[in-house]
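One structure below.
Throughout, protein chains are lettered first and strands after them, A, B, ... in sequence-line order, and every chain is numbered starting at 1.
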There are 2 protein chains.
Amino acid sequence: MIELRHLRYAVTVADEGHMTRAAERLGIQQPPLSQQIAKLEAIVGASLFKRLPRGVELTEAGRTFVERARTILHDVDLAIEATRRNARGEEGSLAIGFTSSAAFHPLLSSAVRSLGETSPDVALKLEEASTPDLIAMLHSGLLDVALVRSPVAQSGGLVISRILDEEMLVALPDRHPLAMPKGEKPRRIQLSELANEAFILYRRPSGPGLYDSIIAACLAAGFSPKIRHEAPRLLSTLSLVAAGLGISIIPGSIARLETNGIAYLRLDPGANLVAPLYLARKDEQPSGALQLFADIVQHEKASMKHQP
Amino acid sequence: MIELRHLRYAVTVADEGHMTRAAERLGIQQPPLSQQIAKLEAIVGASLFKRLPRGVELTEAGRTFVERARTILHDVDLAIEATRRNARGEEGSLAIGFTSSAAFHPLLSSAVRSLGETSPDVALKLEEASTPDLIAMLHSGLLDVALVRSPVAQSGGLVISRILDEEMLVALPDRHPLAMPKGEKPRRIQLSELANEAFILYRRPSGPGLYDSIIAACLAAGFSPKIRHEAPRLLSTLSLVAAGLGISIIPGSIARLETNGIAYLRLDPGANLVAPLYLARKDEQPSGALQLFADIVQHEKASMKHQP
DNA sequence: CAGTATCCATATGTTTGAGATATGCCATGA
DNA sequence: TCATGGCATATCTCAAACATATGGATACTG
C-alpha cells in the first residue's frame with residue numbers, strides 16, 4: 001500500500017538525482033531508500049527512475065508521478081494547517097443565538113465584534129429567537145451557542161453558564177410623579193412603591209423569561225403587580241411607557257435604546273431583581289470557534305467590569 | 001509523520017461513525033485503529049472526533065481534515081493511474097524525427113496514424129531534419145526516436161535498428177529510350193545500362209545517406225556515374241527528371257508522389273541496391289509512448305509485408 | 001434498579017517491515 | 001588497470017503496527 005513516505009522519497013530522489021544524497025536529506029541510509037523506491041515502482045507498476053552509472057534520472061512516467069506527488073505532499077501540509085486553524089478558532093463557522101432581551105446587551109455586540117476582528121475567517125451566523133426555540137436549535141445543531149436570560153428547561157445535554165447579572169431598571173413616563181425632576185439627586189426606588197402602578201411587561205407566548213422573574217420579585221415585595229398591557233415585542237413596552245400607559249421593568253442595557261419620554265429609576269438592592277445573562281451550549285467538546293468565542297465573552301465581561 | 005494510512009483510517013471512521021465497524025472495513029482490530037486515530041490527532045494537534053457513548057462524530061476541525069483527506073486519497077489514485085497510463089504509452093509525449101527520404105515511407109505515416117488512434121492522449125512532435133541533426137537531437141533529448149536511412153556515426157549511446165529494406169527504383173523521363181512503352185511487359189534494368197546516363201542525385205550538404213550507397217553500387221557495377229545535377233531537395237530531383245535533364249535512383253516509396261512525366265523502372269536484383277530504413281533511439285529504457293511506437297512500427301511493417 | 005450490552009481506551013504481547021550494516025556489481029575516471 | 005562512485009542485494013535489528021485481553025463509561029433492557 002502506497003504511503004506518503006514513498007512520495008517523499010520519490011520527490012527527494014528526483015530533486016537530488018542521486019540516491020545517496022537523497023538518503024542523507026531524508027535521514028536514512030542509501031540501501032533502504034533504494035528498496036523503498038523499488039517497492040514504490042512495484043506498487044505503481046512502472047519504472048520511475050532510470051538507474052545511470054552516476055545517479056538516477058526520472059523516466060517520463062516518473063515525471064508524471066513526481067509532479068503529482070509534489071502537489072499531494074503540499075496538499076497534506078495545507079490540510080493539517082487548515083485543521084489546526086479551525087481547531088484554534090481561526091477559521092470555521094459559529095452560529096450564535098440570542099433572545100431579544102439579550103440582543104441589546106453590549107457584551108454580545110462587543111464579543112461578536114472582537115471575534116470578527118480576531119478571526120475574520122470564521123463565518124458567523126446570528127439568530128434571534130425565543131428561549132425555547134434557541135434551546136431546540138442548540139439540541140438540533142442549528143446553533144452552536146446561545147445567550148439567554150434564564151436557566152432553561154430541557155437543558156439536558158447542554159451546559160448553561162451564568163455569565164453576568166445585569167441591573168434591572170424601572171421605566172416610567174418622564175412626567176410620572178415618581179420620576180425625579182432633572183437636577184435632583186437620583187434615589188433608588190423600592191419595588192413596593194410600584195404596588196399601585198399599571199405594569200407593562202414584555203411576554204413571549206412560550207416559555208419563561210424575565211417576565212416570571214419580575215412577577216416573583218413583586219410577590220416577594222408584598223404585592224401582585226397589576227399587568228395592564230403585555231407587549232409582543234420588547235421595544236413595544238418602552239413605546240407604551242413613553243405614551244404614559246404604565247411602567248415597566250427592563251434590563252439596564254435596553255435603557256440606552258429609548259430615552260425619549262421615559263425616565264429610568266434604579267431599584268433598591270433589596271429588590272433582589274436582576275437580569276441574568278446565560279451562555280448555553282452543548283455539553284460536549286466545543287469547536288475551536290466556539291471555544292474562542294466563549295473565551296472572548298469572558299474577556300469582554302472582565303473588561304466591562306473594570307470600566308468606570 | 002503523517003501517512004496515507006492515517007488518512008484512510010480517519011475517512012473510514014468518519015464514514016462509519018463507529019470505530020469497530022471502521023476497523024472491520026479496514027481489516028484491522030478496533031484497538032489499533034483507536035490508537036492510530038489518537039496518533040493522527042497528536043500529529044495534527046487537534047481533536048478530529050468526539051467520542052460518544054455510541055460511536056464517534058467528527059468535530060468541526062475533523063470535518064475540515066477529513067474533507068481534504070478524501071480529496072488527497074483520490075488524488076493519489078489519480079497519480080498512480082496517470083503514471084500507469086504514461087508507462088503504457090497511453091499518455092505522454094513523443095518526438096519523432098525523420099530524414100526527408102524517410103518521410104514519405106508509408107510505414108512512418110501508418111505508424112504515426114496508428115499511434116494517434118491507439119493513444120490519442122500522447123502528444124506527438126514530428127521533426128524533419130538531416131541525419132546528423134537527428135542524431136544530435138536524439139543525444140540532447142530533443143527527440144525520442146528517429147527514422148534514418150543509414151547507420152550513423154556518433155551512434156554511441158544510441159540503438160540503431162534496421163527496420164526494413166526498401167526497393168530502389170530508377171526514375172527517368174517518360175520519353176527516355178529505356179522507358180517501356182505502355183503495355184509492354186516491364187523488365188528489370190541492369191545498373192550498367194545507366195553507365196552513360198546523366199545522373200541527378202539528391203545530396204544533403206552534411207553527412208551520409210542514400211547518395212553514397214548509389215555511388216558505391218554503380219562502382220560495383222563497373223562504372224562511375226555521371227552526376228550532372230545535385231538537387232537541394234529530394235522532390236527537386238524528380239522535377240529535374242520530369243524535365244528531361246537526367247535520371248535518378250530513388251526509394252520506391254517516393255515514386256508514388258510524382259508520376260507525371262516520369263517512368264519508373266525496377267532494378268535487377270543483382271544491383272544489390274536498397275534503401276534501408278533504421279529506427280534510432282537512445283540506448284536506455286524507453287518511455288511508454290516510445291515503446292508503444294516501436295511496437296507499432298514492427299506491427300505495421302509486418303502488416304505491409306503480407307500485403308499483395 | 002441491577003445486570004447486560006455496546007463501544008472506545010488502555011495494557012501487554014507478537015509480528016512485520018522499515019531501516020541499519022555489510023557487501024556486491026557495474027560503469028566511469030585517472 | 002585500478003580506484004572510485006553509486007545503486008542493488010543480503011542479512012540482521014528493532015521500532016511500530018497490529019492482535020489479544022481487559023477496563024471504563026454509558027445506554028439499554030427486563
> Just how far, in rounded Å, is C1' of C:dC8 from CD of B:Glu41?
Replying inline: 12 Å

>> For a quick check of understanding: with a heavy-atom distance under 4.0 Å over all strands, which category does A:Arg54 fall into, base, sugar-phosphate or nothing?
In response: base

> Under 4.0 Å between a Lys/Arg side-chain N and an Asp/Glu carboxylate O for A:Glu81 and A:Arg88?
Replying inline: yes

>> Is there, by distance only and without an angle test, a donor paired with an acceptor across the side chain of A:Gln30 and the base of D:dA8 below 3.5 Å?
In response: yes

> Starting at the 5' end of DNA chain C and moving along, which residue's nearest nucleotide shows up first, B:Thr20 or A:Gly27?
Replying inline: B:Thr20

> Is any side-chain N of the basic residue among A:Glu57 and B:Lys282 closer than 4.0 Å to the acidic one's carboxylate O?
Replying inline: no

> Can a salt bridge be assigned to the pair B:Arg8 and A:Glu3 using a cut-off of 4.0 Å between side-chain N and carboxylate O?
Replying inline: yes

>> Less than 3.5 Å apart, any donor N or O on the side chain of B:Gln285 or A:Ser47 sitting next to an acceptor on the other?
In response: yes

>> Between A:Asp295 and A:Gln291, do the side chains contain a donor N or O and an acceptor N or O under 3.5 Å apart?
In response: yes

> From the list D:dA19, D:dA8, D:dT11, which nucleotide is the closest neighbour of the side chain of A:Ser34?
Replying inline: D:dA8

>> Once you apply a heavy-atom cut-off of 4.0 Å, does B:Gln36 come out as touching a base, just sugar-phosphate, or nothing?
In response: sugar-phosphate

> More than 12 heavy atoms of other residues, nucleotides or ligands under 6.0 Å from CD of B:Glu67: is that the case?
Replying inline: no

> A:Met19 has a side chain; which of C:dG19, D:dA8, C:dT10 sits nearest to it?
Replying inline: D:dA8

>> Any base atoms under 4.0 Å from A:Tyr9, or only sugar-phosphate, or nothing? Heavy atoms, all strands.
In response: sugar-phosphate

> What is the distance from CG of B:Leu33 to P of D:dA19, rounded to the nearest Å?
Replying inline: 10 Å

> B:Val56 side chain: which of D:dG6, C:dC8, D:dT20 is closest?
Replying inline: C:dC8

> Roughly how many Å is it from CD1 in A:Ile2 to C1' in C:dA18, rounded to a whole number?
Replying inline: 16 Å

>> How many whole angstroms separate atom CD of A:Gln35 from atom P of C:dA22?
In response: 16 Å

>> Measuring from the side chain of B:His18 (C-beta onward, heavy atoms only), which nucleotide among C:dC7, C:dG19, C:dA22 has the closest atom?
In response: C:dC7

> Could you state the CD-C1' distance from B:Gln29 to C:dC7, rounded to the nearest angstrom?
Replying inline: 14 Å

> Given atom CG of B:Leu48 and atom P of C:dC8, what is their separation to the nearest angstrom?
Replying inline: 15 Å

> To the nearest Å, how far apart are A:Ile28 CD1 and C:dG17 C1'?
Replying inline: 13 Å

>> Rounded to whole Å, please give me the gap between CD1 in A:Ile37 and P in C:dG19.
In response: 11 Å

>> From the set C:dA27, D:dT9, C:dA18, return the single nucleotide nearest to any side-chain atom of A:Arg5.
In response: C:dA18

>> Applying a 4.0 Å non-hydrogen cut-off, can you work out what B:Pro53 is touching in the nucleic acid: base, sugar-phosphate, or nothing?
In response: sugar-phosphate

> What does B:Lys39 touch in the nucleic acid at a heavy-atom separation under 4.0 angstrom: a base, only the sugar-phosphate, or nothing?
Replying inline: sugar-phosphate

> OP1, OP2 of C:dA9 versus side-chain N and O of B:Arg51: anything below 4.0 Å?
Replying inline: yes

